[in-house]
Each structure stands twice: as C-alpha cells, then as structure tokens.
Amino acid sequence: MAILAFCVARFGLKWVLVIGMSAWAVRYFIFTLEGFQFALIGLLCHGMAYAFLYTAAYMFGDRVAPAHLKASVQSLLAFLLLGIGQVLSGYLFGYQIDRCAPPSPRSCRASQGRSPKAFPPGTFRKWRPRPGVISIWRNP
C-alpha cells in the first residue's frame with residue numbers, strides 16, 4: 001500500500017492493475033508449493049496483491065466514472081471483486097479439488113460405538129454470568 005502511489009505515478013493505473021492480477025496469480029501458485037516457507041511467502045504477497053488489484057480497481061473506477069455514478073461504480077466493483085468473484089472461484093476451486101485430489105474418506109469411524117468428539121468433555125468451562133449482572137438481553 002505504501003508503494004502504490006509511487007507505482008501509479010510511475011507505471012500508470014492500468015499497469016498497476018496488471019501487476020495486481022499477476023501478483024494474485026503468483027500468490028496462488030506459491031500456495032501450491034509444499035513447505036511452510038512457501039505458505040509464509042504467499043501470505044506476505046497478500047498485501048501487495050490486494051493493494052495493487054482491489055485498491056487500484058477502485059481508483060480506476062473513480063477516475064473513469066461520471067460524478068453522479070461514482071458510488072454505483074464502487075458498489076459494482078465491490079460486488080464483482082468481493083462478491084460474485086469469490087463465489088464463482090469457490091465453485092471452480094471445489095471442482096478442481098474434486099477432479100485432482102486423491103480419494104479420501106469423507107467420514108470417520110467412531111471407536112466402540114461412540115460418536116467422535118472434537119474436544120473431550122470438560123475442555124471448555126461453561127460460561128456462567130457473575131451474580132448480580134443484569135443486561136438487556138436477559139430477563140432479571
């Protein structure tokens with residue numbers, strides 16, 4: 001985010017958008033590599049990828065839209081980038097995982113006829129409000 005203004009002035013907004021899209025592709029490619037260091041590098045790339053694509057897209061929309069349509073353009077970009085884009089990519093990713101992942105069991109078998117528990121009993125204390133505390137959510 002700190003170098004976004006410099007890059008927009010130096011390369012132009014359209015090239016910053018291209019760099020942002022490429023950064024997302026590189027980030028996801030890095031996540032395909034095995035090892036903690038690659039996951040860490042991919043997470044560190046998130047800031048640049050987000051700033052260069054999302055923020056630059058909003059700047060581009062603000063620059064090209066007429067004054068009376070700027071809010072609508074911002075809403076449309078938010079819907080396309082943060083809404084429908086992520087839903088469609090989730091379906092595409094699910095399809096890709098189903099197609100390429102090795103088969104694995106989808107359920108686990110409980111031992112001795114008991115249902116499997118993620119946390120053993122007593123792991124978390126039950127929350128009890130302090131006596132004398134009244135809130136609008138509870139009837140006294």
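If you read the sequence from its start, that first residue is 1, and numbering goes on from there.
Put simply, F6 and M48 are part of two different groups of oily side chains (I, L, V, M, F, W, Y) that touch within less than 4.5 Å, one to the next. Linking Ile, Leu, Val, Met, Phe, Trp and Tyr residues whenever their side-chain heavy atoms come within less than 4.5 Å places V64 and M21 in a single cluster. Y50 and L40 fall into different hydrophobic clusters, defined by Ile, Leu, Val, Met, Phe, Trp and Tyr side-chain heavy atoms under 4.5 Å apart, directly or through other members. Transitive grouping of hydrophobic side chains (ILVMFWY, heavy atoms separated by less than 4.5 Å) brings I3 and L53 into a common cluster. A continuous path of ILVMFWY side-chain contacts below 4.5 Å connects L77 to V16, so both sit in one hydrophobic cluster.
In this structure, the separation between CD1 on I41 and CZ on F36 is 10.5 Å, given to the nearest 0.5 Å. Rounded to the nearest 0.5 angstrom, I84 CD1 and L76 CG are separated by 11.5 Å. To the nearest 0.5 angstrom, L69 atom CG is 12.0 Å from D62 atom CG. Note: C45 SG to Y28 OH = 12.0 Å, rounded to the nearest 0.5 Å. Separating the OG1 atom in T32 from the CZ atom in R27 is a distance of 12.5 Å, to the nearest 0.5 Å. C7 contributes atom SG, which lies 11.5 Å from atom CG of L13 (distance to the nearest 0.5 angstrom).
Two residues are said to be in side-chain contact when any heavy atoms from C-beta on lie closer than 4.5 Å; V18 and F52 fail this criterion. Inter-residue side-chain proximity for H46 and W24 is flagged as met; some heavy-atom pair is nearer than 4.5 Å.
Side chain of Q74 to main chain of G61: no donor-acceptor pair is present (N/O by atom type, distance under 3.5 Å, no hydrogens or angles).
Heavy-atom neighbours of F29 CZ from other residues, nucleotides or ligands within 6.0 Å: at or below the threshold of 12. The neighbour count for K14 NZ, taken as heavy atoms of other residues, nucleotides or ligands under 6.0 Å away, does not exceed 12.
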Residue pair F60, V73: steps toward the side-chain contact (heavy atoms from CB on, under 4.5 Å) verdict: CA-CA 10 Å; F60 183 77; V73 169; over 6 Å; no
Check against side-chain contact (heavy atoms from CB on, under 4.5 Å), E34 and F38: CA-CA 7 Å; E34 191 173 332; F38 294 117; 5.9 Å; no
Chi angles and distances behind the side-chain contact (heavy atoms from CB on, under 4.5 Å) call for Y54, M59: CA-CA 9 Å; Y54 288 95; M59 289 169 62; over 6 Å; no
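When every heavy atom of I30 is checked against every heavy atom of G42, the shortest pair comes out as CG2-N, 3.7 Å. Contact detail for A78 and Y58: the closest heavy-atom pair is CA-OH, 3.4 Å.
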